[in-house]
Amino acid sequence: MNNSQEMDQRRARRLNSRQDQRGPVIYWMSRDQRYQNNWALLFACQKSRQLQQPLEVLFTLAPSFLGAPLRHYDFMFKGLAEVEASLRNAGIPMTVIFGNPGETVAALVEKRQTGAVISDFSPLTPVRQWKQHAAAAIPCAFYEVDAHNIVPCWLASPKQEYAARTIRPRLSALRKSFLTPFPQLTPPCQPDNLPCPPVNWDELLNMLDVDRSLKPVTHIIPGEASAEQRLRRFLNHEIDRYADKRNDPNAEAVSGLSPYLHFGQISAQHAALQASRSLASQTNRDAFIEELFIRRELAENYCFYNEKYDAFDSLPEWAKATLMEHAADQRDYRYSPEEFEQAKTHDPLWNAAQRSLVETGVMHGYMRMYWAKKILEWSTSPAAAFDIAIMLNDRYSLDGRDPNGYAGVAWSIGGLHDRPWSERPVYGKIRYMNASGCARKFDVNRYIASVTAQ
Ligand code: FO1
């Protein structure tokens, strides 16, 4: 057991070559929006104690982020308000600044005469661009800590991996040294007179340039406490069904953690540790950890090493070739993006999956594959299908704009991390899926009825 206060230094890397200075420490929180089990916050506390300087947490709110509507900001702000309260309890102020993050960070670092900046990690292009901009402008040391993954993304592999079977041995070899318990967070010694003014979340919400027509969800309570409760429920009541029933959307056998994981309101490492200690059978624990650890970190690897991760062009060459060979194949049905969006296809199962996404912000994992594959089958071209699936997922799903979503669409439509299967119309060699396959796995009518009743 690792009870040391020290973090494994391989979880951090430098984003510039400057040294620590005498001045306050800033944790620039972006993706890991939590107080507990957060390596970036732990590292920032450690740095603050080491430099004997106060710590401040900063969140940079961009005017818009990859088309996220009000639904997502509501979820994120409620979670952040909880983080703010936990930080205040520990005497750590939280500041939110509005504007282009790369620029606003640099300006605040200068204003505070900062000694060191610590950020968390995201493989997504806009966040990497913010950091690149900031790294060039910041006159002190700038560190990045991968607080989202169990094994730091840059250490897991130096290149884009082909499939789960190629990344699994690498992650498994590093599992023992990285799947460790978190040390207790010891807040740094903050000066008595450090101001901790409250963040005005309502005012910030009004400043955003976002689509306000997509209203907040009400059935999932955001935030760290609620995420922890969801994890407990899963480990106490549901994980026993995970291996057998996770592909049955009627079975309530999945964790429901993905919105919380997306906003960093729960740590995947914490969830994996708790699962590994649960009383569930080895088969169920292994099946859950395979998804939470191996498959999730494979998606991170894809976005980290493939800068076109959200475009058709990112797909493996064999997949693009076979899809293009079949691009002109006769399609039995063809729908526009609007028809898909409004769930106006001929297929009640597909429509139910889409309605569940629009109304609840969540679609069951197994239905996500069916949903995306049918968009391929019923769109005018494979590239159009890819764009429609990303657009709908990012707009409606609470875990949109996440490496998991991009990899999921690329897997379903474009053979990413998969292999060629037997050739058929429209799909070419991409793995096929149909409604009778679903009917063999679960009670399709019950699923449709449950969505209608929501
Ligand atoms: N992170 C930020 O640092 N600033 C933002 O303004 C911001 C908005 C945002 C909106 C929707 C959403 O799904 C995520 C958002 N994030 C924001 C979080 C974060 O940057 C991303 O979740 C990750 O980068 C995904 O890897």
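Counting starts at 1 for both ligands and their atoms, in listed order.
A side-chain contact (heavy atoms from CB on, under 4.5 Å) with F304 is found for one member of S122, P403, P123 and no other, namely P123.
Protein heavy atom at the shortest distance from atom 22 (O) of ligand 1 is H262 CE1, 3.3 Å. Of all protein heavy atoms, the one lying nearest to atom 4 (N) of ligand 1 is T60 O, 2.8 Å. Looking only at protein heavy atoms, the nearest one to atom 7 (C) of ligand 1 is M76 CE, 3.8 Å. The protein atom (non-hydrogen) at minimum distance from atom 11 (C) of ligand 1 is A68 CB, 3.6 Å. Atom 26 (O) of ligand 1 has as its closest protein heavy atom S122 OG, 2.9 Å. Atom 6 (O) of ligand 1 has its closest protein heavy atom at A62 N, 3.0 Å.
Checking side-chain atoms of R296 against main-chain N and O of L292 turns up a donor-acceptor pair under 3.5 Å. Using modelled atom types, no side-chain atom of Q160 and backbone atom of N301 make a donor-acceptor pair closer than 3.5 Å. In terms of modelled atom types and a separation under 3.5 Å, the side chain of Q269 and the main chain of F178 share a donor-acceptor contact. The backbone N or O of C140 sits less than 3.5 Å from a side-chain atom of N16, completing a donor-acceptor pair.
The atoms of ligand 1 that sit less than 4.0 Å from any heavy atom of R31 are 23 (C), 25 (C), 26 (O). Counting atoms of ligand 1 from 1 in the listed order, those under 4.0 Å from a heavy atom of L61 are 6 (O). Within ligand 1, the atoms closer than 4.0 Å to a non-hydrogen atom of L124 are 25 (C), 26 (O), numbered from 1 in the order shown. For ligand 1, the atoms closer than 4.0 angstrom to any heavy atom of Q33 are 18 (C).
In summary, the aromatic rings of Y406 and Y302 are positioned with their centroids too far apart to meet the 6.0 Å limit. Side-chain rings of F340 and W350 approach one another, their centers coming within less than 6.0 Å. Annotation: F234 is in aromatic contact with F288 [ring centroid separation under 6.0 Å].
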Task: Step-by-step ring-ring contact (aromatic ring centres under 6.0 Å, His included) determination, F59 to W28 - done: CA-CA 6 Å; F59 187 84; W28 176 11; 9.5 Å; no
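Only side-chain heavy atoms of W130 come within less than 4.0 Å of ligand 1; its backbone N, CA, C and O stay farther off. With a heavy-atom cut-off of 4.0 Å, S30 touches ligand 1 through backbone and side chain alike. Counting heavy atoms under 4.0 Å from ligand 1, residue V127 touches it through the side chain alone.
K373 forms a cation-pi arrangement with W411, by the criterion of a distance under 6.0 Å to the ring centre and an angle within 45° of the ring axis.
Residue contacts with ligand 1: H148 is excluded, as none of its non-hydrogen atoms falls under 4.0 Å. In this structure, W28 has no heavy atom closer than 4.0 Å to ligand 1.
For the atom pair L155 CG and R11 CZ, the distance stands at 10.0 Å (nearest 0.5 Å).
An N or O contact shorter than 3.5 Å links R401 to ligand 1 by distance. Taking any N or O of H72, backbone or side chain, none lies under 3.5 Å from an N or O belonging to ligand 1.
Summarising the contacts of atom 14 (C) of ligand 1 with F121, F98, F59, F65, the nearest heavy atom is found in F65.
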